[in-house]
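All remarks here apply to the structure that follows.
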Amino acid sequence: MAANNTLIVYASRRGDEEKCAREIFNLIDGKVDICDLSNRESFPDASTYDTVIIGSSVYHGKVLELVSNFCRINLDILTRKRLGLFIICPDSGERAEKELQEAYPPELFNSAIARDYFGGEIDPSRLSILEKIITYRLSGSRKPSIPASREKIKKFSKKMNPPHASQE
């Protein structure tokens with residue numbers, strides 16, 4: 001296994017996950033591979049990386065199925081890696097913290113050295129009628145939207161950089 005190599009995997013329904021993953025990609029030192037799970041026929045081999053970062057949006061308290069499957073298949077491997085977890089959700093505070101904690105298996109959540117939520121914007125024009133009803137019912141009458149926090153992404157990336165990487 002080569003030193004300082006990082007895999008960033010994510011699945012995206014609306015695009016915010018990819019934007020955040022790409023921003024992390026640009027902030028991580030060393031060799032970094034990025035993989036949109038929804039554009040692949042098979043999962044990348046997580047065992048060949050020192051660090052793995054996983055991101056997904058959350059729908060009904062769960063990460064996207066592709067991310068969930070990646071985590072389940074690689075559970076033993078991932079618990080032995082430098083692991084980072086993030087979610088995209090239009091909530092903040094305790095509600096977003098709860099969604100983050102419940103989104104990933106407890107073994108992964110507890111072994112992650114960095115875990116955070118980055119906000120998320122929901123474009124109503126991209127939602128089905130059922131998604132609109134559920135989204136607005138859960139959020140009240142307000143438009144469910146919190147722009148992704150660049151500051152949170154920077155802090156997350158700093159934690160995920162290899163231990164010997166230069167610190168700001």
Side-chain angles (χ1 to χ4, degrees), residues 4-40 43-44 46 49-75 77-123 135 138-139 144-163 165 167-168:
N4 305 324
N5 62 356
T6 300
L7 172 63
I8 301 170
V9 296
Y10 68 93
S12 183
R13 284 188 62 193
R14 308 282 183 236
D16 283 337
E17 303 83 358
E18 180 177 9
K19 289 176 193 173
C20 292
R22 295 243 172 245
E23 194 162 336
I24 293 167
F25 174 85
N26 290 325
L27 294 168
I28 297 292
D29 296 331
K31 180 184 180 301
V32 183
D33 293 327
I34 189 167
C35 176
D36 179 351
L37 296 175
S38 54
N39 290 332
R40 296 184 56 97
F43 292 142
Y49 293 89
D50 301 305
T51 301
V52 179
I53 298 170
I54 305 169
S56 178
S57 51
V58 176
Y59 290 92
H60 310 295
K62 299 182 189 271
V63 294
L64 296 177
E65 186 176 359
L66 285 167
V67 171
S68 179
N69 290 342
F70 177 82
C71 292
R72 182 180 42 78
I73 290 167
N74 291 289
L75 187 64
I77 293 168
L78 294 171
T79 57
R80 296 188 307 260
K81 300 292 178 182
R82 295 182 76 250
L83 182 63
L85 304 171
F86 72 88
I87 61 168
I88 302 301
C89 69
D91 295 314
S92 63
E94 288 182 25
R95 189 169 176 174
E97 289 287 344
K98 183 178 180 192
E99 284 196 28
L100 174 62
Q101 186 170 0
E102 293 176 355
Y104 292 98
E107 303 92 328
L108 295 185
F109 184 82
N110 293 329
S111 66
I113 62 171
R115 48 189 181 257
D116 211 338
Y117 58 91
F118 299 144
E121 299 183 62
I122 295 178
D123 179 356
T135 300
L138 290 174
S139 67
S145 178
I146 297 173
S149 168
R150 291 196 187 286
E151 193 57 40
K152 290 182 88 168
I153 293 170
K154 286 179 186 177
K155 286 180 184 177
F156 179 92
S157 299
K158 188 174 182 179
K159 285 182 188 176
M160 292 309 303
N161 262 317
Q167 303 293 320
E168 293 182 310

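Small disclaimer: the values here were computed from a predicted structure and weren't measured.
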*Which atom of Ser12 lies closest to which atom of Leu64, heavy atoms considered*: N-CD1, 3.9 Å
*Arg80 CZ to Ser111 OG distance, which is reported to the nearest 0.5 Å*: 11.0 Å
*What residues form a side chain to side chain donor-acceptor pair (under 3.5 Å) with Glu23, not counting sequence neighbours?*
Arg150
*Does any non-hydrogen side-chain atom of Leu85 lie less than 4.5 Å from one of Ser56?*
no
*If you round to the nearest 0.5 Å, how far is CD1 of Ile153 from CG of Leu27?*
8.5 Å
*Is the shortest heavy-atom distance from the side chain of Tyr104 to the side chain of Leu83 under 4.5 Å?*
no
_Using 0.5 Å steps for rounding, measure from the NZ atom of Lys81 to the CD1 atom of Ile54._
11.5 Å
*Is the count of non-hydrogen atoms from other residues, nucleotides or ligands lying under 6.0 Å from Glu65 atom CD greater than 12?*
no
*Run the side-chain contact (heavy atoms from CB on, under 4.5 Å) check on Leu75 and Glu107 step by step: do they pass?*
CA-CA 8 Å; Leu75 187 64; Glu107 303 92 328; 3.9 Å; yes
*Is atom NZ of Lys152 surrounded by more than 12 heavy atoms (other residues, nucleotides or ligands) closer than 6.0 Å?*
yes
*Indicate the atoms forming the closest heavy-atom contact of Cys71 with Leu78, along with that distance.*
CA-CD1, 4.0 Å
*asked:* Apply side-chain contact (heavy atoms from CB on, under 4.5 Å) to residues Phe25 and Ile53 and explain how you reach the verdict.
replied: CA-CA 10 Å; Phe25 174 85; Ile53 298 170; over 6 Å; no
*Work out which heavy atom in Ile87 is nearest to a heavy atom in Ala96; give both atom names and the distance.*
CD1-O, 4.1 Å
*Under the 3.5 angstrom rule, does the side chain of Tyr117 hit a backbone N or O of Gly93 as a donor-acceptor pair?*
yes
*Give me the one residue out of Thr51, Thr6, Asn161 that meets side-chain hydrogen bond (donor to acceptor under 3.5 Å, both in side chains) with Arg82.*
Thr51
*Sequence neighbours excluded, which residues qualify as side chain to side chain donor-acceptor pair (under 3.5 Å) partners of Asp36?*
Ser38, Asn39
*Check the pair Leu108, Thr79 against side-chain contact (heavy atoms from CB on, under 4.5 Å), reporting the backbone distance first and the verdict last.*
CA-CA 6 Å; Leu108 295 185; Thr79 57; 3.9 Å; yes
_Reported CD1-to-CD distance for the pair Ile88 and Glu99, which is rounded to 0.5 angstrom_ = 11.5 Å
*Can you tell me how far CG of Leu37 sits from CD of Glu17, rounded to the nearest 0.5 angstrom?*
11.5 Å
*Is the backbone of Val32 close enough, under 3.5 Å, to the side chain of Tyr49 for a donor and an acceptor to pair up by distance?*
no
*Decide yes or no for Lys154 and Lys158: does some side-chain heavy atom of the first lie under 4.5 Å from some side-chain heavy atom of the second?*
no
*Polar side-chain atom of Asp33 near backbone of Leu7 as donor-acceptor pair, under 3.5 Å*: no
*Say you draw a straight line from CG of Asn74 to CZ of Phe43; how long is it, rounded to the nearest 0.5 Å?*
8.0 Å
_If you compare all heavy atoms of Ala46 against all heavy atoms of Phe70, which two are closest, and at what distance to 0.1 Å?_
CB-CZ, 4.1 Å
*What is the minimum heavy-atom distance between Val67 and Gly55, and which atoms define it?*
CG2-O, 3.7 Å
*Please answer whether the main-chain N or O of Phe86 pairs with a side-chain N or O of Asp116 as donor and acceptor at a distance below 3.5 Å.*
no
*Mind checking what makes side-chain contact (heavy atoms from CB on, under 4.5 Å) contact with Arg72, not counting sequence neighbours?*
Asn69
*Can you see which heavy atom on Ile28 is nearest to which on Ser157, and at what distance?*
CD1-O, 3.5 Å
*For the pair Gln101 and Glu97, evaluate side-chain contact (heavy atoms from CB on, under 4.5 Å) and give the outcome as yes or no after the intermediate values.*
CA-CA 6 Å; Gln101 186 170 0; Glu97 289 287 344; over 6 Å; no
